[in-house]
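A quick write-up on the structure given underneath.
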There are 2 protein chains.
Amino acid sequence: MKTDTVFKRAFNRTLDLMVRSEIEDPLPSENALRRRLGVSRTTIRKVLGELDQRGVIVATTRSQVEDRQVLPNDYFPDVETMPRNLHIERQLMEWMLRGDTKPGTLINELELARQFGVATSGIREFLIRFSRFGLLEKRPNSGWIFEGFTKEFALDLFEIRVMFELRSARLFAKQSDHSPLWEKLETLKRAHLDLLGEIDHRFHDFSSLDNRFHRLVNEASPNRFIDDFYDIITFIFHYHYQWNKRDEKQRNHAALVEHLAYIDALLSHDLSRVEVAAGAHLSSARETLLESLLAPS
Amino acid sequence: MKTDTVFKRAFNRTLDLMVRSEIEDPLPSENALRRRLGVSRTTIRKVLGELDQRGVIVATTRSQVEDRQVLPNDYFPDVETMPRNLHIERQLMEWMLRGDTKPGTLINELELARQFGVATSGIREFLIRFSRFGLLEKRPNSGWIFEGFTKEFALDLFEIRVMFELRSARLFAKQSDHSPLWEKLETLKRAHLDLLGEIDHRFHDFSSLDNRFHRLVNEASPNRFIDDFYDIITFIFHYHYQWNKRDEKQRNHAALVEHLAYIDALLSHDLSRVEVAAGAHLSSARETLLESLLAPS
DNA sequence: AAGTTGTTTTTTATGGATAAAAATTCACCA
DNA sequence: TGGTGAATTTTTATCCATAAAAAACAACTT
């Protein structure tokens, strides 16, 4: 049966809102709550029902929001709020990228399903979805082959990334001066400078900044295939660097500086400067990835 | 339950081999047959069992191959040899590309499953697989949105195609003179000339030639993401032009001529000629697609 | 000992069942 | 009359069962 992670997560989020007094005494309407949490009204009603049952609110009037203090114990444990497919994704990514899974390994849906404690259909869906990343290949009526997260893969990936990034950067630089994206770029530049100032203890924040920056560059001239490709990059890097923390601070510091040069080049509207700065940044990103592939932590 | 299309197709193919006397009196071993047909021995045994049952061969000795003439009636009908997933694919592609399905339409798995007479899991798998083509988007816990096979889609597609093709063509032209691919290109050129001579009645053959040519260009410097992207192109064009035959002969004739110019440019090793010829060919391919989108047959 | 055929086990493809979540419908009221 | 709460219907996510196909194993033959 379907998991009730949507309900449990919504429940926890509601408790949070109550604790932080973002939900005040006359409880908001179900529709308002629904919009706030991004779930259906059906789920909200289930949450309210549960809150009532536990005596956290009084249902009849609903004017008394906190009938009693919210206790840490009221929250559902985090595992129970994670959708099944995310759970499968995590485990499979770990199995593929982190473990010692060799290139050429055959994937057995049934065995993985047993190992991870889920039904085969979940595994199947992930494999189909994931096959677009170029790390898996299907043999009909037989199984799947894991191609391996290899140097060749990284090189293929970066060749495309460079093509796309240069194309987008050029188009970005050529934009009209009135484009609102220039403003956004300035904001991002400031965020970079802020982070640079506190790099010692905030270096983890780089990753989201990185993402925002590269997405912004693509925004000037959107192309769905480029966006899709950037999804692949984000996905792969997210998992890869999650388990590979070697030199993280140093890496991020260097990338931050490169970004700033790249941003300034864009702001200058000087195409050749842009190409040099973007190229330099991507080269060093590639080197970083290759290094970590050859000498895994 | 799983369909037995693999068995039925293997059975038909075996009958074919017998009729064409490619299987002679002392029947080949099960393993030899297995390799020949690309199925498992289990399936071959089932085929042989069925042939025996129907009296087409005599099992005890297996020396008498044609115990009786093969009758047209012995063949399983074609529909029964088509794998379920291909069946689903065909129907869904027709629904999306050919019918009057508007951009923004919500896709209902259950309804489609009923409409096509299959289980929802098949629909789901197709949708997940197909979502990488950029025509569908998923809303978790809700449904899918069909983005529409629109002009914007075609433009996005061709922008990438041009980038990839120029990149591959350049690298092809820069290959060493000893590369075996030059030989292949010459062969392909001859095939083009042959087809050009008989274009009046063989114009349908262009499509496979087109495929071979563009794949060959990519072979000089393979990149899995480019290959994957070319799969998308092939897939979309296959279905689109299958239902859009307007001016087919004329279109193919023009493309053939463009290919020849492109091939000659490659053979000349002259990079700027290559770029011009490739660019010209892709532009006209784009125009053709856009026209057919705006004025569907 | 390699290649065959016969048998058993494992795995994939596909339909179907069901709880959760979403969507829709209904009734009511300020 | 639009917004709110309640009830009902529809759809998705997920597991499970089973036939088909593949793979592994065993026994035999030349």
Side-chain angles (χ1 to χ4, degrees), chain A residues 1-10 26-34 37-49 59-60 62 83-88 106-114 117-128 138-144, chain B residues 1-10 26-35 37-49 59-60 62 83-88 106-114 116-128 138-144:
Chain A
M1 322 98 209
K2 207 167 173 174
T3 56
D4 56 355
T5 53
V6 174
F7 157 66
K8 284 176 175 165
R9 174 192 295 272
L27 217 53
S29 78
E30 294 174 349
N31 262 317
L33 268 174
R34 191 203 81 194
L37 298 188
V39 298
S40 74
R41 233 176 100 224
T42 310
T43 302
I44 289 294
R45 301 196 99 236
K46 203 171 161 191
V47 168
L48 292 176
T60 41
R62 273 200 189 151
R84 181 69 90 236
N85 62 355
L86 192 59
H87 187 240
I88 293 175
L106 298 124
I107 290 173
N108 183 317
E109 296 175 4
L110 199 57
E111 189 187 314
L112 287 177
R114 279 191 292 247
V118 297
T120 51
S121 45
I123 304 280
R124 255 176 110 71
E125 286 193 4
F126 172 85
L127 293 173
I128 294 171
K138 179 161 174 54
R139 300 285 161 87
N141 287 310
S142 175
W144 296 77
Chain B
M1 322 97 210
K2 209 169 172 173
T3 56
D4 57 355
T5 53
V6 174
F7 157 67
K8 285 176 175 166
R9 173 191 295 271
L27 216 53
S29 79
E30 294 173 350
N31 262 316
L33 268 174
R34 192 203 80 193
R35 269 188 294 271
L37 299 188
V39 297
S40 73
R41 200 157 70 83
T42 310
T43 302
I44 290 294
R45 302 195 100 236
K46 203 171 161 192
V47 168
L48 292 175
T60 41
R62 275 203 185 148
R84 180 67 89 238
N85 62 355
L86 192 59
H87 187 240
I88 293 175
L106 299 125
I107 290 172
N108 183 317
E109 295 175 5
L110 200 58
E111 189 187 316
L112 287 178
R114 279 193 292 247
F116 298 165
V118 299
T120 51
S121 45
I123 303 281
R124 256 178 110 70
E125 286 193 5
F126 173 85
L127 293 174
I128 294 171
K138 178 159 175 53
R139 300 286 162 87
N141 285 310
S142 175
W144 296 78

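Each chain gets a letter, A, B and so on, in the order its sequence line appears, and its residues count up from 1. For the numbers below, each heavy atom of this structure counts, side chains included, while hydrogens, waters and symmetry mates do not.
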(request) Rounded to the nearest angstrom, tell me the gap between atom CG in A/Leu110 and atom P in D/dC16. (result) 12 Å
(message) So, does B/Arg9 get its side chain near the phosphate of D/dA21, meaning an N or O under 4.0 Å from OP1 or OP2?
(response) no
(message) Please determine whether a side-chain nitrogen or oxygen atom of A/Lys46 lies at a distance below 4.0 Å from atom OP1 or OP2 of D/dA6.
(response) no
(request) Look up atom CZ in B/Phe7 and atom CD1 in B/Ile44, then write down how far apart they are to the nearest 0.5 Å. (result) 10.5 Å
(message) Using a distance-only criterion (donor-acceptor N/O pair, under 3.5 Å, no hydrogens), is the base of C/dG6 paired with the side chain of B/Arg41?
(response) yes
(message) Pick the closest DNA chain D nucleotide for B/Asp4 and for A/Val118 by heavy atoms, then say which residue is nearer the 5' end.
(response) A/Val118
(message) Just to be sure I understand the rule, does B/Thr43 reach a base, reach only the sugar-phosphate, or reach nothing, if contact means heavy atoms closer than 4.0 Å?
(response) sugar-phosphate
(request) Give a yes/no on whether any side-chain N or O of B/Ser40 is located under 4.0 angstrom from OP1 or OP2 of D/dA21. (result) no
(message) What contact category does B/Ile107 fall into here, base, sugar-phosphate, or nothing, at under 4.0 angstrom with non-hydrogen atoms?
(response) sugar-phosphate
(request) Tell me, with the steps shown, if A/Leu48 and A/Leu27 meet side chain to side chain contact (heavy atoms under 4.5 Å, CB included). (result) CA-CA 10 Å; A/Leu48 292 176; A/Leu27 217 53; 3.9 Å; yes
(request) Round to a whole Å and report the spacing from CG of A/Asn141 to C1' of D/dA19. (result) 13 Å
(request) For B/Pro28 and for B/Thr120, find the nucleotide of DNA chain C with the closest heavy atom, then tell me which residue's nucleotide is more 5'. (result) B/Pro28
(message) Mind checking if B/Lys8 touches a base, just sugar-phosphate, or nothing, with heavy atoms under 4.0 Å?
(response) nothing
(request) Kindly indicate whether the side chain of B/Lys2 and the base of C/dT14 share any N or O donor-acceptor pair separated by less than 3.5 Å? (result) no
(message) Strictly below 4.0 Å: does A/Arg124 bring a side-chain N or O up to OP1 or OP2 of C/dT12?
(response) no
(message) Whether the side chain of B/Thr3 and the base of D/dA20 hold a donor-acceptor pair under 3.5 Å is what I'd like checked.
(response) no
(request) Would you name the heavy atoms of A/Arg9 and A/Pro83 that are closest together and state the gap between them? (result) NH2-CD, 3.9 Å
(message) Any non-hydrogen side-chain atom of B/Leu127 less than 4.5 Å from a side-chain atom of B/Glu109?
(response) yes
(request) Return the value, rounded to whole Å, for the distance between atom CD of A/Glu111 and atom C1' of D/dA23. (result) 14 Å
(message) Between C/dA23 and A/Thr42, counting only base atoms on the nucleotide and side-chain atoms on the residue, is there a donor-acceptor pair under 3.5 Å?
(response) yes
(request) Calculate the interatomic distance between B/Glu109 atom CD and C/dG15 atom P; express it in whole Å. (result) 14 Å
(message) Quick check on D/dT12: is either OP1 or OP2 less than 4.0 Å from any side-chain nitrogen or oxygen of B/Asn108?
(response) yes
(message) Between B/Arg41 and B/Asn31, is there a side-chain heavy-atom distance shorter than 4.5 Å?
(response) yes
(request) Send over the distance from B/Arg34 CZ to C/dG3 C1', rounded to a whole Å. (result) 12 Å
(message) Taking 4.0 Å as the cut-off, does a side-chain nitrogen or oxygen of B/Ser142 come that near to OP1 or OP2 on C/dA21?
(response) no
(message) Go nucleotide by nucleotide along DNA chain D from the 5' end; which of A/Gly143 and A/Met1 gets its closest nucleotide reached first?
(response) A/Met1
(request) By nearest nucleotide on DNA chain C, pick out whichever of A/Gly38 and A/Arg114 is the more 5' one. (result) A/Arg114
(request) Check the distance between D/dT12's P and A/Asn85's CG and give it to me in whole angstrom. (result) 15 Å
(request) Measure from NE2 on A/His87 to P on D/dT14 and round the result to the nearest Å. (result) 12 Å
(request) For side chain to side chain contact (heavy atoms under 4.5 Å, CB included), just list the numbers for B/Phe116 and B/Ile123, CA-CA rounded to whole Å, side-chain angles, deciding distance to a tenth of an Å, and then say yes or no. (result) CA-CA 9 Å; B/Phe116 298 165; B/Ile123 303 281; 4.0 Å; yes
(request) Find the distance B/Ile128:CD1 to D/dT14:C1' and express it as a whole number of Å. (result) 12 Å
